[in-house]
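Remarks on the structure that follows.
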Amino acid sequence: MRRSTQHGAALLTAMIIVTLIASLAAGMVWQQYRAVQIEAADRARAQSTWILQGALDWARLILQEDAKQNRNKAVDHLGEPWAVPLAEARLSTFLAADRNAASPDDGPEAFLSGSIEDAQGRYNLRSLLGGAKVPELEQRVLERLCNQVNAPPGTASVIIAGLRAAFPAPASSASGPDAGASAPVSESGPLRPAGLDQLSWFGLDAATLARLQPYLVLLPKPTPVNLNTAPREVIAALFDGVDLASAERLVQGRKGKPLLAISDAAAYLPASVQIEAGRASVDSSFFIVTGRLRLEERQLEQRSLIERQGLNMVVLARERINQLLER
């Protein structure tokens, strides 16, 4: 009886040892698997960053070449190379000319696309700032834009109140054009939005912001609207006495012949409309560069705000959005 008990205890001990060894081995395999996953994710993140940085540098070269073309006469319109979006293409097609590049079948499927958009084709909310009071004309512009996109009633008032609180006018300068950009940050005031997405801090919902996105922008300083690139909604809202039909005539007319001066727009707009040089232009300095990299089930998007200062392209802001695509 005693011998059977010893054999049972030895068997139980052996089973416990085997269980412990199996648990330790499973834990080591899991840790190794997680380490490989983390390393692969870090490598993919680094590769994506370099690819999108290359796309941004490419866009800067395109804008620099456009600046060289415009040395004699600064005109930016939608018929120029920078305005042509890059359709989604497999990344290996860009490497086909490189004989030393790996085979297209060697890595995961990666697709690159992008676009360059004229930021001055939108209405700049910075025009509402800087003075002791909001200019009545600029307030009407924002109200007309909000009405055109069917934004909820009071949206313009919410935006104006939020911006005026975040960018208070300095007491020493009631009407300086750059006052809103240079005013000191208040410690007790609300945070200053850096882009249109952050207007949600003022209580605007995502649907309202999505409607306003194609027509509004918040740039570091006041800028005129480029009549060669602005949509009809922005042109109609920019001037008193201009309806969507007149703005559409301008949009259709500039397709055949871009505006070389703001006075050329008078041929498409009512005779009573006054076009001020400080509020409208035919050239631009600010551009939004968007690069998208689709890698397997994920898409990484990078949006950059560029200011063109002569032949120098300065990146003012950069935002990255990582999305998990649905299968």
Legend entry - Electrostatic pair Arg308:Asp66 at N-O distance under 4.0 angstrom: yes

Inset, instruction - Assess whether side chain to side chain donor-acceptor pair (under 3.5 Å) is satisfied between Asp76 and Ser284, documenting all intermediate values. - result: CA-CA 6 Å; Asp76 294 299; Ser284 301; 4.6 Å; no

Inset, instruction - Show the numbers, then the answer: is there a side-chain contact (heavy atoms from CB on, under 4.5 Å) between Leu125 and Leu196? - result: CA-CA 9 Å; Leu125 293 175; Leu196 200 68; 3.9 Å; yes

Inset, instruction - Look at the side-chain heavy atoms of Ile, Leu, Val, Met, Phe, Trp and Tyr, link any pair under 4.5 Å apart, and say whether Leu128 and Leu191 land in one connected group. - result: yes

Inset, instruction - State whether the side chain of Glu301 and the backbone N or O of Thr290 hold a donor-acceptor pair below 3.5 Å, judged by distance alone. - result: no

Legend entry - Same cluster (ILVMFWY, side-chain, under 4.5 Å), Phe202 and Val217: no

Inset, instruction - Please check if the side chain of Glu65 supplies one atom and the backbone of Ile62 the other of a donor-acceptor pair under 3.5 Å. - result: no

Inset, instruction - Identify whether Tyr123 and Leu259 are in the same connected component of the hydrophobic contact network (ILVMFWY, side-chain heavy atoms under 4.5 Å). - result: yes

Inset, instruction - Give the C-alpha distance, both sets of side-chain angles, the deciding distance and a yes or no for side-chain contact (heavy atoms from CB on, under 4.5 Å) between Arg144 and Val242. - result: CA-CA 11 Å; Arg144 285 194 286 257; Val242 177; over 6 Å; no

Inset, instruction - Determine the minimum heavy-atom distance between Leu163 and Pro193, stating which atoms define it. - result: CD2-CG, 4.1 Å

Legend entry - Shortest non-hydrogen contact between Leu145 and Ala237, atoms and distance: CG-CB, 3.6 Å

Inset, instruction - Kindly give the heavy-atom pair with the smallest separation between Pro152 and Thr208, and that separation in Å. - result: CD-OG1, 3.3 Å

Inset, instruction - Keeping the roles fixed (side chain from Arg60, backbone from Val314), state whether a donor-acceptor pair exists under 3.5 Å. - result: no

Legend entry - Note: Arg140-Glu143 ion pair, threshold 4.0 Å (strictly below): no

Inset, instruction - Decide whether Glu248 and Gln252 meet the rule of one side-chain donor and one side-chain acceptor closer than 3.5 Å. - result: yes

Inset, instruction - Look up atom CG in Leu300 and atom CD1 in Ile321, then write down how far apart they are to the nearest 0.5 Å. - result: 9.0 Å

Inset, instruction - Specify the closest pair of heavy atoms between Thr49 and Arg320, including all atoms of both residues, with the distance to one decimal. - result: CG2-NH2, 3.2 Å

Inset, instruction - Could you walk me through whether Asp205 and Arg211 pass the salt bridge (charged side-chain N to carboxylate O under 4.0 Å, His left out) test, one step at a time? - result: CA-CA 10 Å; Asp205 56 33; Arg211 293 179 180 180; over 6 Å; no

Inset, instruction - Answer yes or no: are there more than 12 heavy-atom neighbours, outside Gln309 itself, under 6.0 Å from its atom CD? - result: yes

Legend entry - Backbone of Gly121 reached by a side-chain donor or acceptor of Asn226 within 3.5 Å: no

Legend entry - Ser127 versus Asn124, side-chain donor and acceptor atoms under 3.5 Å: no

Legend entry - Check: Arg279 side chain, Leu238 main-chain N or O, donor-acceptor pair, under 3.5 Å: yes

Legend entry - Nearest heavy atoms of Pro220 and Leu316, plus distance in Å: CG-CD1, 3.8 Å

Inset, instruction - Indicate whether any N or O donor in one side chain lies under 3.5 Å from an N or O acceptor in the other, for Arg294 and Gln299. - result: no

Inset, instruction - Return yes if a side-chain donor-acceptor contact under 3.5 Å exists between Gln53 and Arg318, otherwise no. - result: yes

Inset, instruction - Report whether Leu269 and Leu260 are members of the same hydrophobic cluster (ILVMFWY, side-chain heavy atoms less than 4.5 Å apart, transitive linking). - result: yes

Inset, instruction - Run the salt-bridge test on Glu117 and Arg122 with the 4.0 Å N-O cut-off and return the result as yes or no. - result: yes

Legend entry - ILVMFWY cluster, Tyr215 and Val141 together (side-chain gap under 4.5 Å): yes

Legend entry - Ionic contact status for Asp243 with Arg249, cut-off 4.0 Å: no

Inset, instruction - Please test Cys146 against Leu212 for side-chain contact (heavy atoms from CB on, under 4.5 Å), starting from the C-alpha separation and ending with a verdict. - result: CA-CA 7 Å; Cys146 291; Leu212 295 172; 4.2 Å; yes

Inset, instruction - Return the minimal non-hydrogen interatomic distance between Leu219 and Thr223, and the atom names on each side. - result: CD1-OG1, 3.5 Å

